[in-house]
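First the structure, in the form of C-alpha cells, and then the observations on it.
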Amino acid sequence: MGKILMKGNEAIAEAAIRAGCLNYFGYPITPQSEVAEYLSRRMPEVGGVFLQGESEVAVSYMLFGASACGARVFTTSSSPGISLMGEGISYIAGAQCPAVFVNIMRGGPGLGGILPSQSDYFQATKGGGHGDYRLLVMAPASVQEAVEMIMLAFPLAEKYRNPVMLLGDGLIGQMMEPVEFPDHLNSEPTNKDEWATNGMDTRGSNKRNLVKSLFLDAGKLNEHNLMLKAKYDRMKREEIRYELYNIESDYKTLIVSYGTMSRVCKTAIDNMKDEGLEVGMVRPQTLFPFPEKAIYEAASKESCKIVVSIEMSMGQMVEDVERSVKGKLLVRWYGKCGGDVPTPEEVIEAVKSFNKGA
Amino acid sequence: MEIDLDGIVIIVGNYGSGKTEVSINLAVNRKRAGLEVRIADLDLVNPYFRTREAKARLAELGIEVVVPPKQYMQADLPILSPVVAGMIRQPSQLTLLDTGGNDVGVNVLAALGDALSGKKIHVLQVVNPFRPFTDTIRGCLKIRYEIERASRLSISGIIGNANLIDETTVKDIYTGYDFALGLSKESGLPLKFVTVTAELMPEIDIKHFTCPVLLIERQLVPPWKRSFSLTSKME
C-alpha cells in the first residue's frame, strides 16, 4: 500500500489497529473525536470492539478490566477527559496493566478552549492521577511520527506493564499529512500469561494471576512501590528518545521544544541560519523519560550561552530543562497557550531578544 | 478550458477531501474572472482548518467571507449565521457555500431548505482518492448517497481533488484524474474540474485533461509553512 493522506486522529486510529489493538473504549471530545468516529467504522471491519463509554471515568475502567484479562487496549481523549481518566490511569499503573492513552491536548485550565495547546505537560509527566506512578510519555511532531509512536506504544506498555501516553496538541490530531503504515503486529501481548487473569486452564498453568493495586500492609506497599520505581528507573535507562537539529553548528542559543511547536522552531532555525544566526535544538520525543543528558551535552557546547524552552504552555517544561542543564546556563521560556500557535517570526523575535540580553 | 460556474455552488464531500481549499481557490478563480463572489463557511462540525482562516486574505481580493460573529469564531458550537439564508435569497454572481465533512457536515443544508427551494444550484462533491474511505468508486458513491440523504439535495457534479499535499506527484494527478473520470462514468455525474497546485502546474500537460483545471494556491497550511500569496500574483 502506498501513501495516503490522513488527519492525525485518523492515522492514530489506524495505527492502533495495525499495532494489533482491537479494543477501543472512548468518549468523544474535540479535538480528537475523529479517532472514535474512524474506529466506529473500522473496528467492526476488523472484528474489533468499539465501545463508547458513558463517561471518561467509565472508559478508563473499561481499559483496566480488558487489559487485566490480557487484551491489548487503548483510548483517546483530550485534556479535561484525561483529567477524568486520572483515577483509572493510577489504578492501571498500580496494578501493572499495559494500556495506551492518547491525549490530543486543548487549552486549559478548566474548560479552556479547543485550539492547539501543550498545557498538559505536568499532567502527563508528573502525575495527573494519585500515587507514586509514572507514565511513559511520547510526543509526536508529525502524523507519520504519531503512527510510529503508536506502533511502539503497545509493545512498550507490555514490556513495562505500565500505561504509555501519546501526547499531541490539537494540530497533531487535526492536520493532514501523507502517511504510510508498517506491517501489522501480532494482536496479543506476548507476556500476558505472566500476569493476565485469563484463566489457569487457558494458559495451562496452576499459578493464579492476580491483578490488584490494594496493599494494606505497609511493608508490602513499600515493596510494591520500590518495584514500580525500579521499572521507571529502567525506562530512564532504556527508553529515552530525542532528535537533534542544527546541533553541529556553533549556536549561541539552544532551543528545547517538542511536538508541532518544534516544527515551527525548525522553520525559525532555518530562517535564522539564512541570516547567519545559528540556533540548535533538542526535541524530546519522550517527555518521560526526559532526554536530560542530551540537553546537558548540547548546552555544554562552548558557543552556547542561552537555553530557551519553547512550548505552547506557560513554561511547564522549563523545570525539566533547568534540571537537565544543571545550572550551567540560564533557561528562558517563550510560548503561548491560548490556541494561537507561535509563528516562526515570533520565535525568531523571541530568540533575538534573549540574545540581546545574554 | 475555463471553469464555467456561477450562481449558487455548494461544495460537499467526505471529511478531509479538501472542500475548503477548493472553495477558497474556486472563489479566487471566479473573482479573477471578473465575477462578484461571496463565500460562506458552513463548517459547523470541525473547528480546525476552516474558510474563516483565510477571511482576511480573501477580503483583500474583494471576496466577502460570511462567518459567525467574531466572539464565536473558535467556538465548538454549530452556529449558523442568519446572513447565510439572506445571501442565498439574494445571491451574488457566484455564491459559494463551503460545508462540513460527510453527511453530518451537510445537515445544515436541510436547515437552509426554504431559502434554497426553487433556486438553481450546483452541488459538487469533492473527491480525493488518496483519502481513507474514498479510495474506491464504491466508497465515493456511498458518501454521495449519505450526503444526498442528509442534505436533501442532489449532487450535480464531481470535483477531482487528488493530492497528497506536499508529496503529490504528477503521476498522482493523472491517476486521480482517471479515478475521477471513472467515478463520473459510474455515477453519471459530470466531472466539473480537477485541481492542480501551483507548485506542480509547470510539470502538468494541460491537454491531458478533457475538463477544466483549477489552480490551487494553498491557503490552509500549518503554522510552520507559508500560505501562497493571493495578491502578489494576479493572473
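Side-chain atoms are counted along with the backbone in the values below, which use heavy atoms only and exclude waters and symmetry mates. Lettering of chains follows the sequences in order, A, B, ..., and the numbering in each one begins at 1. Note that this is a predicted model, so its numbers are computed, not measured.
The two atoms that bring B:Pro223 and A:Val264 nearest to each other are CB-CG2, 4.2 Å, heavy atoms only. Contact record, A:Thr260 with B:Trp224: CB-CZ3, 3.7 Å, taken as the closest heavy-atom pair.
Chain A is approached within less than 4.5 Å, heavy atom to heavy atom, by B:Asn128, B:Phe130, B:Arg131, B:Pro132, B:Phe133 from residues 128-136 of chain B, ordered by number. Residues from residues 140-158 of chain B that place a non-hydrogen atom less than 4.5 Å from a non-hydrogen atom of chain A comprise B:Lys142, given in numerical order. Residues of residues 166-187 of chain B having a heavy atom under 4.5 Å from any heavy atom of chain A, listed by number: B:Glu167.
Expressed to the nearest 0.5 Å, how far CG of A:Leu5 lies from CD1 of B:Ile165 amounts to 4.5 Å. Here the straight-line distance linking atom OH of B:Tyr15 with atom CD of A:Glu37 works out to 7.0 Å at 0.5 Å rounding.
With sequence neighbours left out, the ring-ring contact (aromatic ring centres under 6.0 Å, His included) criterion links A:Tyr251 to no other residue.
Within a 6.0 Å sphere centred on CZ of A:Phe50, other residues, nucleotides and ligands contribute more than 12 heavy atoms. In the displayed structure, A:Leu111 atom CG is contacted under 6.0 Å by at most 12 heavy atoms of other residues, nucleotides or ligands. Around atom CD of A:Gln52, more than 12 heavy atoms belonging to other residues, nucleotides or ligands sit under 6.0 Å away.
Contact of A:Glu345 with chain B is made through the side chain alone, with heavy-atom distances under 4.5 Å.
Residue with the most contacts toward chain B among A:Glu177, A:Arg41, A:Met176: A:Arg41 (heavy-atom pairs, distance under 4.5 Å).
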